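Worksheet: one structure, shown below.
In what follows, every heavy atom counts, from backbone to side chain, and hydrogens, waters and symmetry copies are set aside. On a predicted model such as this, the values are computed, not experimentally measured, just so you know.
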Amino acid sequence: MKVVLLLFVVACCYALPTPDDWEDYKTQFNKSYPDEAEEQMRKDLFVKNKAYVDEHNKKHAAGMVSYTLGVNQFSDWTDEERKKLSGGLAPPTTEKST
């Protein structure tokens, strides 16, 4: 049991974005922010979204889902900002109808 817990902790730490991920993201998508508070908020959103992408892609690698996700220029946006961009449309669900 201790080995499983240790592996889980190591896997979780491995999936966390590094400071370089954030700097690379800002460079790749030419991001800048008006002040430190805004940058910290955007960084927190990026970290959350990057962790989601990494977790999903682990499922893809295990054959649990059929597609991969990636970071894009919207990875530092709030859900509300993304909804405004899509005209308020909800993203498609992955549930199968029966």
Side-chain angles (χ1 to χ4, degrees):
M1 182 65 178
K2 289 180 183 179
V3 172
V4 172
L5 181 59
L6 177 63
L7 291 174
F8 176 76
V9 170
V10 169
C12 287
C13 291
Y14 178 74
L16 293 176
T18 67
D20 287 341
D21 290 339
W22 173 241
E23 293 302 323
D24 292 346
Y25 171 77
K26 291 191 312 182
T27 300
Q28 180 180 0
F29 295 106
N30 196 28
K31 297 284 188 166
S32 62
Y33 307 96
D35 55 50
E36 287 185 34
E38 176 80 10
E39 177 153 353
Q40 186 61 52
M41 182 198 74
R42 298 298 174 176
K43 182 179 180 180
D44 292 345
L45 289 164
F46 168 79
V47 167
K48 180 183 124 200
N49 290 322
K50 175 88 168 57
Y52 177 82
V53 165
D54 291 344
E55 201 55 39
H56 174 89
N57 290 343
K58 285 180 189 176
K59 291 177 184 175
H60 177 266
M64 298 169 64
V65 295
S66 61
Y67 60 95
T68 60
L69 296 176
V71 169
N72 62 30
Q73 68 270 27
F74 309 116
S75 295
D76 65 341
W77 283 23
T78 64
D79 291 339
E80 292 76 26
E81 289 170 319
R82 284 192 296 270
K83 285 177 188 172
K84 285 180 185 176
L85 179 70
S86 66
L89 298 174
T93 63
T94 57
E95 295 178 18
K96 294 181 181 178
S97 59
T98 55

What distance separates K43 NZ from D76 CG, expressed to the nearest 0.5 Å? 13.0 Å

Taken to the nearest 0.5 Å, the spacing of T18 OG1 from D24 CG works out to 7.0 Å

Considering only heavy atoms from C-beta outward, does the side chain of R82 approach that of D79 to under 4.5 Å? yes

Salt bridge (charged side-chain N to carboxylate O under 4.0 Å, His left out) between D54 and K58, worked out: CA-CA 6 Å; D54 291 344; K58 285 180 189 176; over 6 Å; no

Under a 4.0 Å threshold between the charged nitrogen and the carboxylate oxygen, would D44 count as salt-bridged to K48? no

Carboxylate-amine/guanidinium contact R42 E38, below 4.0 Å: yes

Sub-3.5 Å donor-acceptor pair from the side chain of N57 to the main-chain atoms of H60, do we have one? no

Side-chain donor/acceptor of K31 to backbone N/O of E39, under 3.5 Å: no

Do L45 and T78 have side-chain heavy atoms sitting under 4.5 Å apart? yes

Around F74, counting heavy atoms of other residues, nucleotides and ligands shown, do more than 12 lie under 6.0 Å from its CZ? yes

Is F29 reachable from Y33 through a run of I, L, V, M, F, W or Y residues, each pair having side-chain heavy atoms under 4.5 Å apart? yes

Hey, any chance W77 and V71 share a hydrophobic cluster, counting ILVMFWY side chains that come within less than 4.5 Å of each other, even indirectly? no

Can you list the steps and then say if K26 with E23 is a salt bridge (charged side-chain N to carboxylate O under 4.0 Å, His left out)? CA-CA 5 Å; K26 291 191 312 182; E23 293 302 323; 3.4 Å; yes

Is Y67 reachable from M64 through a run of I, L, V, M, F, W or Y residues, each pair having side-chain heavy atoms under 4.5 Å apart? no

Please report the interatomic distance CH2(W22) to OG(S75), rounded to the nearest 0.5 Å. 9.5 Å

Are the charged groups of K84 and E81 less than 4.0 angstrom apart, N to O? no

Any donor-acceptor pair under 3.5 Å from Y25 side chain to N30 backbone: no

